[in-house]
Number of protein chains: 2
Amino acid sequence: MILNQIIIAVNDKLYVKNPESSDLGRKIIQHSILLIDEIGFDAFTFKKLGERIGSNESSLYRYFENKHKLLLYLSSWYWGWMEYRLVLETNNIPDPKIKLLKGIEILTEKVKDDSATLHINEALLNNIIILEFTKTILTKEVDRENREGFFMVYKRVINRLVNLILEAKPDYPFAKSLASSIIEGSLHQHFLKDHLTTITDCNDTQSPAIFYKNLIEQILK
Amino acid sequence: MILNQIIIAVNDKLYVKNPESSDLGRKIIQHSILLIDEIGFDAFTFKKLGERIGSNESSLYRYFENKHKLLLYLSSWYWGWMEYRLVLETNNIPDPKIKLLKGIEILTEKVKDDSATLHINEALLNNIIILEFTKTILTKEVDRENREGFFMVYKRVINRLVNLILEAKPDYPFAKSLASSIIEGSLHQHFLKDHLTTITDCNDTQSPAIFYKNLIEQILK
DNA sequence: GCAAAGATAATAGTAATACTTTCAATTGTG
DNA sequence: CACAATTGAAAGTATTACTATTATCTTTGC
């Protein structure tokens with residue numbers, strides 16, 4: 001066992017009051033994941049979440065300005081957690097090729113719940129990220145929000161993958177595009193395997209991780 | 001010159017009344033592209049569009065049930081037009097490798113306005129597709145809408161690319177995932193090069209098409 | 001040339017959303 | 001125990017995404 005309690009730091013501009021600082025805050029995080037996974041982010045409202053946790057709509061606004069910021073918070077937490085796992089599990093691998101393949105596996109494989117975080121169900125959070133994360137970037141406000149640092153953790157994860165690629169193949173000229181393609185693309189392949197099965201080779205036995213590891217092997221040749 | 005007027009057929013479940021059948025309908029298409037590009041799809045409403053074209057909100061509802069269906073219509077039109085160009089420009093190439101590279105170029109290169117369609121500005125429509133298309137798929141309604149055939153043209157384009165890949169490399173085991181990755185990924189790279197420049201190698205001189213053509217060359221080896 | 005049909009416009013109305021505000025009740029802390 | 005901070009309840013607002021009704025305008029068929 002590594003740690004029995006993880007704390008992931010999130011950009012403090014994303015919340016009004018830190019949800020990790022109180023019971024109600026942690027309840028908001030825990031049940032927002034359950035509720036968004038259940039009904040989708042579009043149908044999700046603070047009113048419904050309030051009813052679910054026996055709390056008032058106006059109290060939730062004391063933690064998050066709006067539901068968009070809450071989603072950005074959950075996303076930042078998710079990528080922070082992925083970064084933590086990526087660093088931890090690739091740290092002591094000396095061979096750059098094996099290290100890169102391990103990194104790809106962590107970043108593209110289906111996520112399982114992590115018992116070290118009591119109020120966060122990572123498997124459900126992963127479902128939310130697959131369906132909603134790309135939408136948080138594809139907005140007219142992306143430049144302003146990027147300047148405020150809302151996507152910093154995500155970009156840091158991608159740049160860690162860039163470094164793994166360059167360690168394994170220093171002369172590869174498209175490391176950034178490849179890294180961002182793999183990370184965004186794997187979310188997309190996970191979605192396709194559940195909903196648009198005719199345009200993917202991925203399924204229950206053949207995961208996106210296998211496709212991307214094969215792709216990397218071709219490129220390393 | 002190939003044709004001086006193109007008509008792209010779109011699934012008739014996407015509209016209440018065919019917008020190609022009247023002046024007002026064509027105006028809706030033309031100005032919805034301009035307005036969505038300008039203010040984004042979220043801020044776009046039928047009321048604003050009505051004001052812009054000097055028409056009443058309620059009249060627009062006679063053509064499209066809601067703005068989501070209008071976006072699906074524009075998307076279907078776009079992919080229909082891409083398919084038309086793909087088929088036309090790869091048709092007479094005998095060498096499968098050159099044919100595949102040409103196909104990739106058409107599907108991933110920046111789009112220019114096509115003078116054969118008077119009321120549709122393809123360059124602006126391409127901007128809308130980059131920002132909004134993935135969101136039309138990433139919904140809780142995707143299975144029902146897929147069953148209704150709303151994504152048929154898109155899936156057909158991907159399967160045409162699958163065939164080009166398999167003609168060039170018949171034993172490649174991930175043709176579908178690669179094709180869907182390239183098409184979705186190139187939209188994503190176009191977005192990154194304009195907004196999150198630190199996680200892409202693409203820019204004004206190095207287009208996504210160059211990255212993807214290089215990737216395919218690696219895979220064909 | 002006119003009547004009927006069809007298309008479009010004007011106006012009003014509704015339910016839901018995404019908040020904000022105010023004030024009261026409860027809880028925690030020095 | 002008092003004071004501050006937190007939470008809850010209720011009401012209010014502007015906007016959105018429509019629907020419904022009725023009026024007007026434009027075709028087209030005869």
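Order of the sequence lines sets the chain letters (A, B, ...), proteins ahead of strands, with each chain counted from 1. Note that these values count all heavy atoms, side chains included, but never hydrogens, waters or copies made by symmetry.
- For the 3.5 Å distance criterion, the side chains of B:N203 and B:T205 qualify, holding a donor opposite an acceptor.
- Electrostatic pairing of A:E132 and A:K135 counts as a salt bridge here, judged by a charged N lying under 4.0 Å from a carboxylate O.
- Here D:dT6 presents its P atom at 17 Å from NZ of A:K27, a figure rounded to the nearest Å.
- Atom CD of residue A:Q189 and atom CD of residue A:E184 lie 10.0 Å apart, to the nearest 0.5 angstrom.
- Residue contacts for A:G54: at a heavy-atom cut-off of 4.0 Å it reaches the sugar-phosphate backbone alone, with no base atom in range.
- B:Y63 comes within contact range of the sugar-phosphate backbone alone, with a heavy-atom separation under 4.0 Å but no base atom that close.
- A cation-pi arrangement is found for A:K67 relative to A:F41, the charged atom lying closer than 6.0 Å to the ring centre and inside a 45° cone about the ring normal.
- Nearest nucleotide to the side chain of A:N56, out of D:dG8, D:dT6, C:dA7: D:dG8.
- Note: CD (A:E51) to P (D:dA9) measures 11 Å, nearest angstrom.
- For the atom pair CG (A:D37) and CG (A:N127), the distance works out to 5.0 Å, reported to the nearest 0.5 Å.
- Contact annotation: A:S59 does not reach the phosphate of D:dT6 (side-chain N/O to OP1 or OP2, under 4.0 Å).
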Sugar-phosphate means primed atoms, P, OP1 and OP2; the rest is base. With that split, encode nucleotides 16-23 of chain C 5' to 3' as B, S or - using protein heavy atoms under 4.0 Å.
--SBBB--
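- When the local axes at the two ends of the helix from C:dG1-D:dC30 to C:dG30-D:dC1 are compared, using 5 base pairs at each end, they differ in direction by 10° after rounding to 10°.
- In this structure, B:F44 and B:F46 have perpendicular ring planes: the angle between them is above 60°, well past the 30° mark.
- One atom, CZ of B:R26, and another, P of C:dT8, lie 11 Å apart when rounded to the nearest Å.
- The nearest pair of heavy atoms linking B:C202 to B:S207 is SG-C, 4.0 Å.
- Between the side chains of A:H31 and A:E38, not a single donor N or O lies within less than 3.5 Å of an accepting N or O.
- A tilted orientation is assigned to the rings of B:F211 and A:F174, their planes being inclined by 30° to 60°.
- One atom, CG of A:D23, and another, P of D:dG8, lie 11 Å apart when rounded to the nearest Å.
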